[in-house]
A.B. asks: 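Let me give you the structure first, and then I'll get to my questions.
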Amino acid sequence: MKQRINLRLGLIALIAIVTTALGIILVSYNMFQNQVRRDLKQNARLLMETEVFQRAYNTGSSWDGQALEHLSSGTLRITWIDNDGTVLFDNDTNVAGLSNHLDRPEIRDALENGEGESTRRSNTMNMNTFYYALMLDNGTVLRVSTQANTIMSVLMKSLPVIISIAVIILLGCILIGHFLTRLLMRPITDMVEHLDDTTYEPAYKELRPFADKIRSQHEHVLAAAKSRQDFTANVSHELKTPITAISGYAELIENRLLDPDSEAHIAGQIRHNADRLLSLVTDIIQLSELDHRELPRRFESLDLYRIAGICLEDNKALAEPRGIKLSLSGISAGITADQALIREMIDNLLQNAIRYNKDGGQVYVRVTIEDGHPVIAVSDTGIGISAEHQDRVFERFYRVDKSRSRETGGTGLGLAIVKHIADIHNAEITLESEIGRGTTITVRF
Ligand code: ADP
């Protein structure tokens, strides 16, 4: 971040320096050029008033070179040209070597319009020559010229100054950037340090959504860790009970403390506890598989009604001994789902509806389509769930009546599995129940 801020600040400063320098050079060079032109014009007119010029002009004699040299102070070139372009006098060069000047634009303009000016690049690359020509009364032309730096040479000359300023400003930027990032970063590091403190308000209001998000994720991670811990503790506790029982019965057998009449009873207890262990382990494995969201699921098109029918058949054996009747109604409803998971879900709901039912009760399964959504509802005429437990029965190992759940072979994980499977299929679960009258659990796809 520091590096980025420094880089950006430096870049901005560099752009600012370069554009300002170029702008200033351009404007002042333009002003300078205009000044040179004005001076030339003035010089020409002043020259005409001088005695040296008047004498030569009036008498037609040659000019007094030395006096002119003095006047031009070595920087002004003075040329006198006849109206046919022949050079009559030049204070810089011998006229014999000079060609006809009619092709010079400033001379042509002067002959046509009375005055003319032009600028030409000198032989030496960095100089421009400015010319001003004025036609005199007798038709001859007086031309003055001077050399001045080109914009390029001005630029080259100012380059060391520009570079020095740029370096100084860049160093300043690095320094400012350093302090600025420290200043900017302080509230952020402060916020990170106060992540656990819910009363802490970040100094920048722009950081609040970020702080809230991080905080809620942080809380989520802590909650997830706690729930994993609770789950592990619960699993250990749940596994311990049947194992302790089996171990106790085995000890009785080992020490031949059994009276032969109770042998069958003890064997039955061992079997019962082993079955319990098995269903616990099966449910735990099932839950842990459901937890792996990345596991590939075999989604296919299914008829919810047909699957419900199969589940009903499978659970008849559980219902019959208690005189509980299972019935299915409704219509075909297509869903895209994992068949094994859907069967597991309906089985769990049916087993609960039977387990927590009254002897001779009823279980109704109804498959419908509501607003285009396939829906399955499992109702029973059982003991019901009181309002305070209704929200919690979907938690792992939560049981309203522990002993009844255990007696009937429950693990406390059935509805947690149902909820998980519904989530995987983006289905919504609702529970309606009344104590003593029964329960309806509805899954809406
Ligand atoms: P369990 O294996 O104990 O049945 P579940 O997770 O399936 O565990 O259910 C949690 C608890 O919710 C049960 O122990 C029971 O108290 C209550 N419950 C679930 N289904 C019903 C129902 N149809 N009628 C009454 N109570 C129910």
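Heavy atoms only: backbone and side chains are in, while hydrogens, waters and symmetry mates are out. We count ligands from 1, going down the list as the structure has it; atoms in each ligand are counted the same way.
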A.B. asks: Going by atom type alone, with no hydrogens or angles, which donor-acceptor pairs under 3.5 Å involve a side-chain atom of residues 325-335 and a protein atom two or more places apart or on another chain?
C.D. replies:
residue, atom, partner, partner atom, Å
Ser329, OG, Arg366, NH1, 3.4
Ser332, OG, Asp303, OD2, 3.1

A.B. asks: Indicate yes or no: at least one non-hydrogen side-chain atom of Tyr249 is less than 4.5 angstrom from one of Thr244.
C.D. replies: no

A.B. asks: Report the residues that fulfil side-chain contact (heavy atoms from CB on, under 4.5 Å) with Ile383, sequence neighbours left out, ordered by chain and then residue number.
C.D. replies: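 For Ile383, the residues satisfying side-chain contact (heavy atoms from CB on, under 4.5 Å) (neighbours in sequence not counted) are Tyr356, Arg404.
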
A.B. asks: Go through the steps for Asp338 and His425 under the test side-chain hydrogen bond (donor to acceptor under 3.5 Å, both in side chains), then give the verdict.
C.D. replies: CA-CA 8 Å; Asp338 183 317; His425 291 86; over 6 Å; no

A.B. asks: Spell out, as yes or no, whether a donor-acceptor pair under 3.5 Å connects the side chain of Asn357 to the backbone of Ala353.
C.D. replies: yes

A.B. asks: Please give the N or O to N or O pairs under 3.5 Å between ligand 1 and the protein, distances rounded to 0.1 Å.
C.D. replies:
residue, atom, partner, partner atom, Å
ligand 1, 2 (O), Thr411, N, 2.8
ligand 1, 2 (O), Gly412, N, 2.8
ligand 1, 3 (O), Tyr356, OH, 3.1
ligand 1, 3 (O), Ser405, OG, 2.6
ligand 1, 3 (O), Gly412, N, 3.3
ligand 1, 4 (O), Asn352, OD1, 3.1
ligand 1, 4 (O), Arg355, NH1, 3.2
ligand 1, 4 (O), Tyr356, OH, 2.7
ligand 1, 6 (O), Gly414, N, 3.3
ligand 1, 6 (O), Leu415, N, 2.8
ligand 1, 7 (O), Asn352, OD1, 3.3
ligand 1, 7 (O), Asn352, ND2, 2.8
ligand 1, 7 (O), Leu415, N, 3.2
ligand 1, 8 (O), Gly412, N, 3.3
ligand 1, 14 (O), Tyr356, OH, 3.2
ligand 1, 16 (O), Val400, N, 3.1
ligand 1, 20 (N), Asn352, ND2, 3.4
ligand 1, 23 (N), Asp380, OD2, 2.9
ligand 1, 24 (N), Thr439, OG1, 3.4

A.B. asks: Only pairs at least two apart or in different chains count here, so list each salt bridge (charged side-chain N to carboxylate O under 4.0 Å, His left out) that has a residue in residues 380-391.
C.D. replies: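 Those involving residues 380-391 do not exist here.
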
